[in-house]
**Q** 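Below is the structure I would like to discuss, written out as structure tokens.
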Amino acid sequence: MISKLKAAAAAMALAASPAMAVDLEFYFPVAVGGAAANTIEDLTAEYVAANPDVNIEAIYAGSYQDTVAKALTAARGGNAPQLSVILSVDMYTLYDEDLIHAFDDFATTDEDKAWLKSFYPAFMENSMIDGKTYGIPFQRSTPVLYYNKEALAEAGLNRAPETWDEMKEWAAKLTKKDDSGNVTQWGVRIPSSGFPYWLFQGLTTSNGATLVSEGGTKTNFDDPKVVEALEYLVSLSKDGVMAPGIIEWGATPKAFFEGQTAMMWTSTGNLTNVRKNAPFEFGVAMLPAKVSRGAPTGGGNFYLFKGGSDEETKAAFDFIKWISQPTQAAKWSIATGYVAPSPATWDSDVMKAYVADFPPALVARDQLEFATAELSTYENQRVTRIFNDALHAAITGEKSAAEALAEAQAKADDVLKDYR
């Protein structure tokens with residue numbers, strides 16, 4: 001009798017004890033300055049505190065390139081993280097290797113389905129394949145133009161350039177030389193390392209060109225409008241308003257802070273960094289237009305990896321849904337400068353207060369009206385490398401823009417032909 005009572009008591013104690021916690025690994029990158037890593041860790045800790053049945057190890061995996069490489073290696077070895085933030089352009093690669101779930105398969109409630117439809121359409125262009133959602137926009141951006149208001153005022157200018165012609169004309173006025181003829185301040189700086197294709201897409205999109213079509217299986221690198229955009233980029237250095245050669249991505253904000261350039265193109269993800277470190281009054285503007293305004297979207301999506309248990313995948317789905325809600329997305333956007341990915345976030349009281357105090361934060365959001373998907377294809381890293389090499393060949397004078405892009409198109413065709 002006593003043993004039966006003990007057994008019953010033990011069973012009751014087991015039933016009353018909390019279930020074993022679900023353990024998740026979360027890879028995330030930080031590719032720009034600012035408080036991104038701390039904010040991700042704080043948000044993750046906040047979720048875990050409210051959900052004691054879930055443990056999440058937030059692992060800073062390095063740059064975007066480092067993160068996707070580590071995630072791919074882990075997944076191929078049967079040890080994938082349950083979730084990760086990876087560039088939106090890597091979606092086709094992850095899909096092609098059958099490594100990620102469609103979020104639609106776990107969106108079983110009306111609330112879940114409404115959540116999947118809550119993001120800006122421009123961000124969803126490279127978050128979906130064949131009508132299904134494989135990426136959730138989070139660490140998203142567009143390139144914008146930052147300008148030193150004091151330098152422009154000194155040159156008699158009181159606003160940002162709105163067209164290609166204005167940017168070149170004004171950059172000439174902003175370029176300074178010392179008595180020996182050495183440039184002390186360049187008019188404009190458009191980085192051509194790190195993510196050269198992405199910033200260059202700000203020129204192709206504003207010139208009415210589309211770099212990729214047919215669901216990531218065909219590139220249009222040799223389109224005359226793309227050639228014209230590259231010729232314009234090269235002309236900025238030839239005409240003496242931008243430094244010659246390859247311009248470093250990572251060094252560009254520092255060059256702006258130190259007065260080495262009066263204007264720069266870089267990610268809106270650098271907005272908080274610039275706000276904290278620019279020793280002068282600065283402005284933010286949409287990229288200049290040629291045919292129309294235009295810019296690529298950029299940055300990272302959340303992905304839900306295959307290989308975990310049902311409990312792990314469900315918990316990862318729930319965390320991604322939670323962290324992309326307006327309250328959490330607003331904290332992330334304000335801390336980093338990345339574009340809050342849903343209209344609901346911008347309608348929240350905290351974001352309204354933020355933009356009332358700091359209107360430049362609205363520029364990247366408003367530019368979404370004119371934005372298109374970032375260059376993304378199957379075999380994306382190979383194709384992007386081909387395109388970047390072509391840009392570098394033209395920028396360094398090794399080849400003409402037309403020659404470099406024609407060769408890039410032929411190489412990309414060879415890579416992608418089996419996917420058509």
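None of the values given here were measured: they were computed from a predicted structure.
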**Q** I want to check something: taking the side chain as every heavy atom from C-beta on, are Ser84 and Phe28 in contact at a cut-off of under 4.5 Å?
**A**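 They are not in side-chain contact.
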**Q** Within this structure, what is the CD-CD distance for the pair Gln381 and Gln65, rounded to the nearest 0.5 Å?
**A**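 With rounding to 0.5 Å, CD (Gln381) is 7.5 Å from CD (Gln65).
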**Q** Give me each pair satisfying side-chain hydrogen bond (donor to acceptor under 3.5 Å, both in side chains) with a member in residues 340-351, each pair once, sequence neighbours excluded.
**A**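 side-chain hydrogen bond (donor to acceptor under 3.5 Å, both in side chains) check on residues 340-351 returns Ser342-Thr345.
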**Q** Could you tabulate the donor-acceptor pairs under 3.5 Å formed by side-chain atoms of residues 315-324, not counting sequence neighbours?
**A**
{"from": "Asp318", "atom 1": "OD2", "to": "Tyr47", "atom 2": "OH", "distance (Å)": "2.5"}
{"from": "Lys321", "atom 1": "NZ", "to": "Glu111", "atom 2": "OE2", "distance (Å)": "2.7"}
{"from": "Lys321", "atom 1": "NZ", "to": "Asp112", "atom 2": "OD1", "distance (Å)": "2.6"}
{"from": "Ser324", "atom 1": "OG", "to": "Trp115", "atom 2": "NE1", "distance (Å)": "2.9"}
{"from": "Ser324", "atom 1": "OG", "to": "Ile320", "atom 2": "O", "distance (Å)": "2.9"}
{"from": "Ser324", "atom 1": "OG", "to": "Lys321", "atom 2": "O", "distance (Å)": "3.1"}

**Q** Anything under 30° is parallel, anything over 60° is perpendicular, the rest tilted; go ahead and classify Phe195 against Trp249.
**A** perpendicular
**Q** Between side-chain atoms of residues 284-291 and protein atoms elsewhere (two or more places apart, or another chain), which donor-acceptor pairs fall under 3.5 Å?
**A**
none

**Q** Please list all pairs meeting salt bridge (Lys or Arg N to Asp or Glu O under 4.0 Å) that have one or both residues in residues 395-407, counting only residues at least two apart or in different chains.
**A**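 Only Lys399-Glu407 qualify under salt bridge (Lys or Arg N to Asp or Glu O under 4.0 Å).
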**Q** Under the ring pair (Phe, Tyr, Trp, His ring centres under 6.0 Å) test, which residues partner Phe280, sequence neighbours left out?
**A** Phe256
**Q** Aromatic contact between Phe26 and Phe302, with the criterion being ring centroids under 6.0 Å apart: yes or no?
**A** yes
**Q** Stepwise, does the side-chain hydrogen bond (donor to acceptor under 3.5 Å, both in side chains) test hold for Ser206 with Arg293?
**A** CA-CA 5 Å; Ser206 63; Arg293 292 287 191 183; over 6 Å; no
**Q** Return a table of donor-acceptor pairs under 3.5 angstrom between the side chains of residues 351-359 and protein atoms on other chains or two or more places apart.
**A**
{"from": "Asp357", "atom 1": "OD2", "to": "Arg275", "atom 2": "NH2", "distance (Å)": "2.9"}

**Q** Say you draw a straight line from CD of Glu231 to CG of Leu405; how long is it, rounded to the nearest 0.5 Å?
**A** 9.0 Å
**Q** Is the backbone of Glu150 close enough, under 3.5 Å, to the side chain of Asn148 for a donor and an acceptor to pair up by distance?
**A** yes
**Q** Quick one: does Asn270's side chain have a donor or acceptor within less than 3.5 Å of a partner on Thr266's backbone?
**A** no
**Q** Using side-chain heavy atoms (C-beta onward) and a distance below 4.5 Å, is Leu236 in contact with Trp164?
**A** no
**Q** His101: what forms a side chain to side chain contact (heavy atoms under 4.5 Å, CB included) with it, not counting sequence neighbours?
**A**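 Applying side chain to side chain contact (heavy atoms under 4.5 Å, CB included) to His101 gives Phe106, Leu304, Lys306, Thr313.
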**Q** For the pair Arg382 and Glu379, find out whether any cationic side-chain nitrogen is under 4.0 Å from an anionic carboxylate oxygen.
**A** yes
**Q** Can Glu57 and Tyr27 be counted as having a side-chain donor-acceptor contact under 3.5 angstrom?
**A** no
**Q** Mark yes when over 12 heavy atoms from residues, nucleotides or ligands other than Lys218 sit less than 6.0 Å from its NZ; otherwise mark no.
**A**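 Enclosed: over 12 neighbouring heavy atoms sit under 6.0 Å from NZ of Lys218.
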**Q** When you check the side-chain N and O atoms of Thr252 and Arg189, is any donor under 3.5 Å from an acceptor?
**A**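 Note: Thr252 and Arg189 side chains meet the donor-acceptor criterion.
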**Q** May I ask you to decide if Ala209's main-chain N or O and Asn207's side chain share a donor-acceptor pair within less than 3.5 Å?
**A**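 Here the side-chain-to-backbone pair does not exist.
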**Q** For Tyr92, what residues pass the ring pair (Phe, Tyr, Trp, His ring centres under 6.0 Å) criterion, not counting sequence neighbours?
**A** Tyr378
**Q** Salt bridge between Lys254 and Glu248, side-chain N to carboxylate O under 4.0 Å?
**A**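 So Lys254 does not pair with Glu248 through a salt bridge.
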**Q** May I ask you to decide whether Asp42 forms a salt bridge with Lys331, counting only side-chain N to carboxylate O separations under 4.0 Å?
**A**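 No, this pair does not count.
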**Q** Taking only residues two or more places apart in sequence, or in another chain, which ones meet Tyr134 in a ring pair (Phe, Tyr, Trp, His ring centres under 6.0 Å)?
**A** Tyr95
**Q** Between the side chain of Thr210 and the main-chain N/O of Val212, is any donor-acceptor distance below 3.5 Å?
**A**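 It does not hold such a pair.
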**Q** Quickly, which of Tyr197, Phe200, Phe387 forms a ring-ring contact (aromatic ring centres under 6.0 Å, His included) with Phe221? Name it, please.
**A** Phe387
**Q** May I have the step-by-step check of side-chain hydrogen bond (donor to acceptor under 3.5 Å, both in side chains) for Asp66 and Ser63, ending in yes or no?
**A** CA-CA 5 Å; Asp66 293 336; Ser63 68; 3.2 Å; yes
**Q** Applying ring pair (Phe, Tyr, Trp, His ring centres under 6.0 Å), name anything that partners Tyr146, two or more places apart in sequence or on another chain.
**A** none
**Q** Is there a donor-acceptor contact under 3.5 Å linking the side chains of Asn301 and Ser88?
**A**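 Not at all, the side chains of Asn301 and Ser88 share no donor-acceptor pair under 3.5 Å.
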**Q** Sequence neighbours left out, what passes salt bridge (Lys or Arg N to Asp or Glu O under 4.0 Å) with Lys168? Give chain and number order.
**A**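 Result, salt bridge (Lys or Arg N to Asp or Glu O under 4.0 Å) vs Lys168: Asp239.
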**Q** Does any pair with a residue in residues 358-370 pass side-chain hydrogen bond (donor to acceptor under 3.5 Å, both in side chains), and if so which ones, sequence neighbours excluded?
**A** Thr142-Gln367
